[in-house]
Amino acid sequence: MNIILLGPPGAGKGTQASRLEAERGMVQLSTGDMLRAAVKASTPVGLQAKAVMEAGQLVSDEIVSGIIGERLDQPDTARGVIFDGYPRTAAQAESLDRLLAERGRTLDHVIELHVDEDALVERITGRFTCAQCGEGYHDKFKQPKVAGTCDVCGSSEFKRRADDNEETVRTRMAEYRAKTAPILPIYEARGLVQRVDGMADIAHVTAAIEDILGR
Ligand code: AP5
Ligand code: MG
């Protein structure tokens, strides 16, 4: 099964994708995570993407569809993929159709995480992750069980994203409204879209997605 999680910055795409990955053995493909890894490693893609990401704008369609195509050639993705943060433009949606068709795969669901944008700035500016294992946390909504220690790996090192400040979040939201929200009708016309209340607590959102996917 291949699904897209669609929603604005902070909607919970990454949180839900990693839960689905752990529970269903699907593979999370986050273009944001892949681009951040490329920036960290100073690859040619990373060098091109760094300033664009820090400004909250979208990286070029060619770059992101290129990295998704390469990733889909790795055999683990045959287990089923959760696209997290991709596609984000009409051109990327077309590329994804082609990339899947070339590999004999199909898209099964597009899940729209419906959220109140005013709440998202607080979600994003409070977010941090474990620097070792990547587990996600939040200053208010999901603190480590023991303060300063990762629940999963026990590390005491945490990090915050360079683009998680209020000004950049506003640009990211504007990009979402202008370029990403308009791709929903493409999938609605194919009967693929189901909407989930992304303002419910994290476990309820997971349960709603599980209901759609079938347990
Ligand atoms: P990307 O990394 O995809 O960022 P984003 O879309 O802005 O989304 P976020 O990762 O900020 O939010 P999320 O929905 O994953 O929320 P999360 O689960 O963490 O992209 C970053 C940049 O890379 C882009 O701006 C662009 O430059 C570039 N890029 C990436 N993909 C691209 C593409 N396809 N094309 C072009 N450019 C691309 O949750 C947020 C916080 O809220 C967490 O702390 C979490 O614990 C908490 N939380 C989650 N759910 C709940 C809940 N239900 N209740 C309370 N708190 C919650
Ligand atoms: Mg994310």
Side-chain angles (χ1 to χ4, degrees), residues 4-19 21 28-68 71 82-93 95-96 112-144 150 155 157-184 198-199 202 205:
I4 295 173
L5 292 183
L6 203 68
K13 303 180 295 293
T15 301
Q16 296 302 328
S18 58
R19 290 173 72 116
E21 183 172 63
Q28 173 186 9
L29 292 197
S30 160
T31 39
D33 288 349
M34 293 183 219
L35 290 167
R36 278 184 289 281
V39 169
K40 197 172 168 204
S42 298
T43 65
V45 162
L47 294 173
Q48 283 188 64
K50 186 171 189 285
V52 179
M53 292 174 78
E54 280 174 5
Q57 290 160 352
L58 294 185
V59 174
S60 79
D61 292 332
E62 292 71 26
I63 287 183
V64 287
S65 293
I67 59 178
I68 285 285
R71 186 65 184 85
I82 309 149
F83 293 100
D84 159 8
Y86 178 89
R88 262 172 147 98
T89 63
Q92 290 179 27
S95 295
L96 179 59
E112 182 198 1
L113 294 173
H114 191 70
V115 281
D116 164 10
E117 279 199 13
D118 292 337
L120 298 185
V121 175
E122 185 187 22
R123 274 199 194 176
I124 290 177
T125 53
R127 168 171 58 187
F128 59 99
T129 53
C130 172
Q132 282 303 329
C133 72
E135 181 69 5
Y137 295 97
H138 191 277
D139 292 328
K140 193 161 147 191
F141 305 122
K142 191 191 161 199
Q143 291 182 0
C150 176
S155 166
E157 265 184 73
F158 296 90
K159 60 181 184 184
R160 290 178 193 260
R161 274 169 47 177
D163 61 347
D164 277 355
N165 56 76
E166 184 161 351
E167 191 193 342
T168 308
V169 170
R170 301 270 177 215
T171 307
R172 284 157 59 195
M173 284 181 181
E175 290 279 82
Y176 178 82
R177 277 193 298 269
K179 295 172 186 162
T180 308
I183 70 177
L184 264 171
M199 298 310 294
I202 292 173
V205 178

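- Across all non-hydrogen atoms, the minimal contact from Ala17 to Ile82 is O-CD1, 3.5 Å.
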Exercise answer: donor-acceptor pairs, residues 56-65 side-chain atoms, under 3.5 Å, sequence neighbours excluded:
| unit_1 | atom_1 | unit_2 | atom_2 | d |
| --- | --- | --- | --- | --- |
| Ser60 | OG | Ile63 | N | 3.3 |
| Asp61 | OD1 | Thr89 | OG1 | 3.0 |
| Asp61 | OD1 | Gln92 | NE2 | 2.9 |
| Ser65 | OG | Asp61 | O | 3.3 |
| Ser65 | OG | Tyr86 | OH | 2.9 |

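- For Phe128, the ring pair (Phe, Tyr, Trp, His ring centres under 6.0 Å) partners are Tyr137, Phe158, not counting sequence neighbours.
- For the salt bridge (Lys or Arg N to Asp or Glu O under 4.0 Å) test, no residue two or more places apart in sequence or in another chain qualifies with Arg19.
- Residues passing the salt bridge (Lys or Arg N to Asp or Glu O under 4.0 Å) test with Arg88: none are found, sequence neighbours excluded.
- For the pair Ile4 and Leu96, the minimum side-chain heavy-atom distance is below 4.5 Å.
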Please assess Asp164 against Arg172 for the test salt bridge (charged side-chain N to carboxylate O under 4.0 Å, His left out), listing each intermediate value before the final yes or no. CA-CA 10 Å; Asp164 277 355; Arg172 284 157 59 195; 3.1 Å; yes
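- The structure places OG of Ser155 at 12.0 Å from CD of Glu135, a figure rounded to the nearest 0.5 Å.
- By the 4.5 Å heavy-atom criterion applied to side chains, Leu120 and Val169 are not counted as neighbours.
- Around the NZ atom of Lys142, the shell of radius 6.0 Å holds more than 12 heavy atoms that belong to other residues, nucleotides or ligands.
- Within the 4.5 Å cutoff, the side chain of Lys40 has no heavy atoms near those of the Arg36 side chain.
- In this structure, Thr31 OG1 and Asp84 CG are separated by 7.0 Å, a value rounded to the nearest 0.5 Å.
- The shortest non-hydrogen separation linking Val115 to Pro8 is CG2-CG, 3.5 Å.
- Note that the CG atom of Leu5 and the CD atom of Gln16 stand 7.5 Å from one another [nearest 0.5 Å].
- Between atom CE of residue Met34 and atom OG1 of residue Thr43 there is a gap of 13.0 Å, rounded to the nearest 0.5 Å.
- When the salt bridge (Lys or Arg N to Asp or Glu O under 4.0 Å) test is applied to Lys140, the partners found at least two apart in sequence or on another chain are Glu122.
- Remark: Lys179 engages Glu175 in a salt bridge (Lys or Arg N to Asp or Glu O under 4.0 Å) (not counting sequence neighbours).
- Of all heavy-atom pairs spanning Arg71 and Leu29, the tightest one is CG-CD2, 3.3 Å.
- Looking at heavy atoms from C-beta onward, Thr171 lies out of side-chain contact with Asp163 at the 4.5 angstrom threshold.
- Between Pro87 and Ile183, the closest heavy-atom pair is O-CD1, 3.5 Å.
- In terms of heavy-atom proximity, Pro9 sits nearest to Tyr176 at CD-CB, 4.1 Å.
- The shortest heavy-atom contact between Gly198 and Arg123 is O-NH2, 2.7 Å.
- Interatomic distance, CZ of Arg160 versus CD1 of Ile124, reported as 13.0 Å (0.5 Å rounding).
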